[in-house]
Amino acid sequence: MPRQFTPKVVTANALLEGDVIYLTADDRWSRDLAEAEVLTDEAVADLRLLDASSRHAEAVGAYLADVRLKAGVPQPTHFREEFRRTGPSNYFHGKQAAR
Amino acid sequence: MYRYNDFDRAFLAERNRQFRTQVERRIQGALTEDEFRPLRLMNGVYLQLHAYMLRVAIPYGTLRSAQMRQLALLAEKWDKGYGHFTTRQNIQYNWPKLNEIPDMLEALAEVDLHSIQTSGNTIRNVTADHFAGAAADEIADPRPVAELIRQWSTDHPEFQFLPRKFKIAVSGAPNDRAVLKSHDIAVEIVERDGEQGYRIFVGGGLGRTPMLAREVRAFLPRADLLPYLEAIVSVYNQLGRRDNKFKARIKITLHENGLETIRDRIEERFTVYKAQFGGIDQQVLAEIETHFAPPAFRDASTGTFEAAYGNDPVFRSWVDTNIAAHRRADHAIVSISLKAHGKTPGDASAAQMRVMADLAETWGYDELRISHEQNVILPHVPKDVLPQLYQALKTAGLGTANIGLVSDIIACPGMDYCTLATARSIPIAQQIATRFDQLKLEHEIGDLKIKISGCINACGHHHVGHIGILGLDRAGVENYQVTLGGDGTQTASIGTRAGPGFSADEIVPAIERLVLGYLDLREGPEETFLAAYRRLGAAPFKALLYPEAREKAA
């Protein structure tokens with residue numbers, strides 16, 4: 001049996017700042033994971049990733065990242081994605097400072 | 001110190017102009033990322049986890065104060081107020097914006113600096129002994145040769161698309177402070193029958209397949225250096241594997257083809273190139289050498305230094321760890337630690353960079369060096385100013401007395417910044433340093449090199465740490481493997497993995513058990529951790545790391 005598709009979001013880095021960004025359901029790029037469109041259907045996810053990858057004047061290196069839902073809000077499942085949405089641990093820089 | 005001529009300046013201005021238009025086209029959407037990526041990498045621009053990163057080469061780790069001040073300016077104007085000195089004598093800026101990087105490169109060009117070939121499958125920044133030109137044990141200053149190699153390798157038309165990146169290091173002293181044997185090519189200046197020449201090593205590298213470089217020539221005459229290097233790189237360019245990234249470094253080429261085959265092919269190419277070079281390289285070298293004439297050393301009395309050393313225990317402690325022997329008895333080599341306990345190894349703020357630049361200009365003949373151990377060196381300091389210098393450093397948060405001790409840790413940026421990382425390195429370094437500072441034992445522990453990498457690529461040199469720590473991702477959790485017995489000096493060895501990894505919570509207590517246990521194992525304070533390990537073998541050290549296993553076996 002094929003492995004069950006787990007929920008995902010499309011994420012990338014912004015072209016100018018390199019900042020971590022997430023694709024929203026209304027086709028915006030958000031800096032906030034909570035605003036990301038959660039994709040639960042593999043076929044849809046592949047299409048959304050294709051769309052995102054074609055927006056090369058806005059975003060770099062788009063890929064699908066696993067999330068789990070907590071009270072309907074996407075959360076990272078891997079520590080790498082947790083660091084991406086937070087910033088480095090040695091300075092209060094990056095996203096944690098922008099909040 | 002080398003200063004650019006009109007040719008260098010024109011070349012760099014043209015490269016920067018090209019890159020500016022490439023960035024513009026990328027932002028306008030005329031270039032895709034796939035098209036732009038190789039162009040930005042050729043200019044040292046990476047995209048990391050949270051932002052772009054600009055890696056600036058500090059050729060053979062040598063800076064003058066005006067250059068250090070410009071590095072401070074970049075940190076302040078286009079970054080978040082600091083820069084990160086790396087294990088390859090580079091500086092990295094972690095937060096530049098893509099559209100501002102061309103301005104940063106122009107600012108660097110004003111002081112003869114650039115970021116060309118700090119990435120990509122090219123010959124990278126040429127590194128050297130950070131005590132070059134100052135060390136008491138030196139046969140010759142390695143920097144003229146390093147500069148010659150820099151000029152030869154920069155934009156070398158045949159070597160822009162090598163099978164993989166290529167690193168060259170140069171040293172002019174019998175004590176290896178440049179980790180020669182971890183480089184693709186190492187050039188060691190040696191003397192035979194009163195004549196200087198080069199001992200050449202090939203095929204070193206850390207990463208997933210760590211190997212020590214092997215000697216291909218015991219004595220290469222001075223005049224043959226560039227044609228011989230050209231021969232090595234061209235043999236690699238032809239034989240190196242392009243089908244598998246993990247087997248593409250020259251260490252694998254050497255391993256698969258055998259030392260004899262590679263040596264024969266190098267010699268064969270060498271005879272061709274030797275004729276082609278026709279001695280022009282030696283004319284260039286002679287010109288370069290004039291730039292590296294030693295400063296006009298002044299005579300210094302050592303009385304005030306000796307009085308302060310006798311009376312002030314804090315100053316004495318700093319001198320004992322951070323001062324190395326200069327070629328003149330009335331001067332000293334000062335290592336400035338960028339490893340304040342609990343801080344990020346290798347980071348300096350713009351203000352600290354300016355302090356170091358000022359001190360170099362006022363008291364140090366305008367010279368600074370960056371070490372692969374992520375510290376800054378003032379290579380020439382008259383001994384009579386050492387007490388004042390120490391006070392100035394202390395005020396700037398640069399007075400940490402820990403060079404070569406347990407808290408002088410090399411750490412790569414790890415998963416706090418790097419896209420390749422599998423775990424974080426910086427917090428582990430911070431915690432180890434903080435812990436041993438609390439224990440107040442590091443001076444008693446003595447010489448001990450801990451090196452931490454956040455992935456198998458080993459930017460943190462963990463394989464040559466007396467204690468190496470490698471951060472991995474084990475089933476979605478950070479996990480840290482320990483290697484023991486590595487050595488990056490003239491007695492080089494690759495460390496051996498001690499056993500199963502430790503969680504992020506367990507690794508610092510494990511290192512503490514290991515180091516405190518060593519104190520009981522050593523024959524006396526003069527027996528270093530590495531010496532004790534070599535005498536006793538791995539078993540007693542493994543027992544310290546894994547007490548449960550010992551209990552089970554009992």
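These numbers were taken from a predicted model, which means no experiment stands behind them. Chain letters run A, B, ... following the sequence lines, proteins first, then strands; residues in each count from 1.
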* Residues that Thr24(A) engages under side-chain hydrogen bond (donor to acceptor under 3.5 Å, both in side chains), provided they are two or more places apart ->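 In terms of side-chain hydrogen bond (donor to acceptor under 3.5 Å, both in side chains), with neighbours along the sequence ignored, Thr24(A) is linked to Asp26(A).
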
* Asked: Using a cut-off of under 4.5 Å for heavy-atom pairs, which of Arg424(B), Gln430(B), Glu33(B) has the most such pairs with chain A?
  ->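 Of the options given, most contacts go to Arg424(B).
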
* To the nearest 0.5 Å, what is the distance between OH (Tyr91(A)) and OH (Tyr417(B))? ->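 Between atom OH of Tyr91(A) and atom OH of Tyr417(B) there are 6.0 Å.
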
* Inter-residue atom distance His50(B).NE2 - Asp19(A).CG, 0.5 Å rounding -> 10.0 Å

* Pairwise ring-ring contact (aromatic ring centres under 6.0 Å, His included) hits with a residue in residues 14-72 of chain A, at least two apart -> none

* Residue by residue, scan residues 340-354 of chain B and write down, ordered by number, those that have a heavy-atom distance under 4.5 Å to chain A; if none do, write 'none'. => Thr344(B), Asp347(B)

* To do: Please look at Val23(B) and chain A and tell me whether the side chain, the backbone, both or neither of the residue comes under 4.5 angstrom of a heavy atom of that chain.
  => neither

* Asked: Between Phe36(B) and chain A, which part of the residue has a heavy atom less than 4.5 Å away: side chain, backbone, both or neither?
  ->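 Contact with chain A: none, neither part.
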
* Residues in side-chain contact (heavy atoms from CB on, under 4.5 Å) contact with Glu37(A), at least two apart in sequence or another chain ->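 Applying side-chain contact (heavy atoms from CB on, under 4.5 Å) to Glu37(A) gives Ala25(A), Leu39(A), Arg48(A).
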
* Donor-acceptor pair, Asn13(A) side chain versus Leu49(B) backbone, under 3.5 Å? ->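 Here the side-chain-to-backbone pair exists.
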
* Largest heavy-atom contact set with chain B, pairs under 4.5 Å, which of Ala59(A), Gly61(A), Ser89(A) ->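 Max contact count across the listed options: Ser89(A).
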
* **Max heavy-atom pair count under 4.5 Å with chain B, selected residue of Arg80(A), Glu58(A), Lys95(A)** =>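 Winner by heavy-atom pair count: Arg80(A).
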
* Asked: Is any side-chain heavy atom of Leu15(A) less than 4.5 Å from a side-chain heavy atom of Lys97(B)?
  ->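 Of all side-chain heavy-atom pairs linking Lys97(B) with Leu15(A), none is under 4.5 Å.
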
